[in-house]
Amino acid sequence: MEFFFEVHTGLPREGPGSCASTRKAFSLMQELPHHATMLDVGCGPGMQSLELALLTQGSIIAVDTHQPYLDELDRRALTSGLSSRIETRNRSMFELDFPDATFDAIWSEGAIYFMGFENGLRSWRRLLKPRGYIAVSEATWLRPDPPEAARAFWDAAYPAMTDIETNLALLRAAGYEDVGHFALPASDWWTDYYTPIEARIVHLREKYRNVPDALRVIDEEQKEIDLFREFSDWYGYVFYVMRASSSS
């Protein structure tokens, strides 16, 4: 993981997204209390955590297992004057030991795939207050019959990846109502994520030109970027905003 983190440390984000998409998803949670208690799962360096703190007067607990990401979020929160409302914790999403009914909303951008979409929604359900919200972005097929290169990559990287209608059925089965969903624009992949990675790869390829292990990591990163450049019509991240069903 050493070379992976050298590629990824210090990026604006650790996955596709943007403040505009965070705001759009947040706007769908129309009955969220103004002083909401929120949990940001797999927060990374926390660009979305900071945006959420600007959108509400509530408090946010941001969890991740990579301490340098949490340190960066703490630094950004302090600089932005938001540190009093953002608390970071080094915690696995598999071991969220908060009491039941703690949060008005749970947020997770580009991270629920570690648990799997349905498993994550079911596991986090108990943490929500009655009629609480969950908003997650999830890798999703946008069109049927993707090209073989795209299918092979995602079958290896995330075999549980499916389409929008299947995910909507899964969230309903897990005890939620669909509040709204939308695909992230291609710019959400490039501006704060792939473009800075590609710039860094140029430098690292020269730095590690004689280190095969590092070059393998770099090649895999470039392969993923090139795949999206060619096949982004077939897949992307979709934001799913849902609310705990009153009947569950």
Side-chain angles (χ1 to χ4, degrees), residues 8 11-29 40-44 47-48 51-52 93 105-122 124 133-198 201 220-243:
H8 283 263
L11 297 177
R13 302 183 65 92
E14 278 305 315
S18 66
C19 290
S21 289
T22 297
R23 290 193 296 271
K24 183 175 180 178
F26 182 86
S27 72
L28 297 173
M29 302 191 299
D40 186 2
V41 182
C43 63
M47 180 179 282
Q48 72 290 335
E51 190 65 25
L52 291 171
M93 66 177 67
I106 295 174
W107 202 271
S108 186
E109 295 198 23
I112 196 173
Y113 76 91
F114 285 112
M115 293 191 72
F117 186 75
E118 184 177 17
N119 183 40
L121 296 182
R122 289 186 182 276
W124 302 341
Y133 291 93
I134 286 187
V136 301
S137 62
E138 166 76 334
T140 303
W141 293 113
L142 303 178
R143 292 171 54 178
D145 302 320
E148 179 56 33
R151 172 67 72 180
F153 176 87
W154 285 104
D155 279 352
Y158 187 29
M161 181 169 155
T162 186
D163 57 27
I164 292 174
E165 289 305 315
T166 301
N167 280 333
L168 293 177
L170 290 173
L171 72 85
R172 287 191 289 267
Y176 301 92
E177 301 166 1
D178 174 36
V179 174
H181 57 276
F182 60 92
L184 272 60
S187 58
D188 278 16
W189 291 70
W190 290 109
T191 303
D192 289 321
Y193 189 50
Y194 278 164
T195 297
I197 288 177
E198 266 198 319
I201 281 175
E220 284 300 310
E221 294 283 340
Q222 189 65 59
K223 177 182 176 181
E224 178 182 331
I225 294 170
D226 291 342
L227 191 84
F228 184 77
R229 182 176 279 118
E230 187 170 1
F231 299 121
S232 59
D233 287 346
W234 276 269
Y235 68 90
Y237 266 83
V238 173
F239 236 125
Y240 300 90
V241 182
M242 65 204 81
R243 195 174 191 186

Engineer: Treating Ser21 as the side-chain partner and Gly17 as the backbone partner, does any N or O pair qualify as donor plus acceptor under 3.5 Å?
Structural biologist: no
Engineer: Could you walk me through whether Tyr240 and Phe117 pass ring pair (Phe, Tyr, Trp, His ring centres under 6.0 Å), step by step?
Structural biologist: CA-CA 11 Å; Tyr240 300 90; Phe117 186 75; 5.3 Å; yes
Engineer: Cation-pi between Lys24 and Phe182: NZ/CZ under 6.0 Å from ring centre and within 45° of the ring axis?
Structural biologist: yes
Engineer: Passes side-chain contact (heavy atoms from CB on, under 4.5 Å), Tyr176 versus Arg122? Steps please.
Structural biologist: CA-CA 10 Å; Tyr176 301 92; Arg122 289 186 182 276; over 6 Å; no
Engineer: So Asn167 and Val238, do their side chains get closer than 4.5 Å, heavy atoms only?
Structural biologist: no
Engineer: Suppose we call two aromatic rings close when their centres sit under 6.0 Å apart. Are Trp190 and Tyr194 close by that rule?
Structural biologist: yes
Engineer: Mind checking side-chain hydrogen bond (donor to acceptor under 3.5 Å, both in side chains) for Glu109 and listing every partner two or more places apart, or none if nothing turns up?
Structural biologist: Arg13, Thr22, Trp107
Engineer: For Gln48 and Cys43, indicate whether the former's side chain and the latter's backbone hold a donor-acceptor pair under 3.5 Å.
Structural biologist: yes
Engineer: Does the side chain of Arg151 reach to within under 4.5 Å of the side chain of Trp234, using non-hydrogen atoms?
Structural biologist: no
Engineer: Within this structure, what is the CG-CH2 distance for the pair Leu184 and Trp189, rounded to the nearest 0.5 Å?
Structural biologist: 8.5 Å
Engineer: Side chains of Val41 and Ile112, heavy atoms from C-beta outward: is any pair under 4.5 Å?
Structural biologist: no
Engineer: Looking only at atom types and distance, does a side-chain atom of Ser137 sit under 3.5 Å from a main-chain N or O of Tyr237, one as donor and one as acceptor?
Structural biologist: no
Engineer: Go through the steps to decide whether Met115 and Leu121 satisfy the test side-chain contact (heavy atoms from CB on, under 4.5 Å), and finish with yes or no.
Structural biologist: CA-CA 9 Å; Met115 293 191 72; Leu121 296 182; over 6 Å; no
Engineer: Considering only heavy atoms from C-beta outward, does the side chain of Glu224 approach that of Leu227 to under 4.5 Å?
Structural biologist: no
Engineer: Is there side-chain contact between Trp141 and Pro146, with heavy atoms separated by less than 4.5 Å?
Structural biologist: yes
Engineer: Could you go through the side-chain contact (heavy atoms from CB on, under 4.5 Å) check for Met93 and Trp124 one step at a time?
Structural biologist: CA-CA 9 Å; Met93 66 177 67; Trp124 302 341; 4.2 Å; yes
Engineer: Check Lys223 with Asp226, please: is the shortest side-chain N to carboxylate O separation under 4.0 Å?
Structural biologist: no
Engineer: If I take atom CG from residue Leu171 and atom CZ from residue Arg243, how far apart are they, to the nearest 0.5 angstrom?
Structural biologist: 14.5 Å
Engineer: In terms of the angle between their ring planes, are Tyr235 and Phe228 parallel, tilted or perpendicular, with boundaries placed at 30° and 60°?
Structural biologist: perpendicular
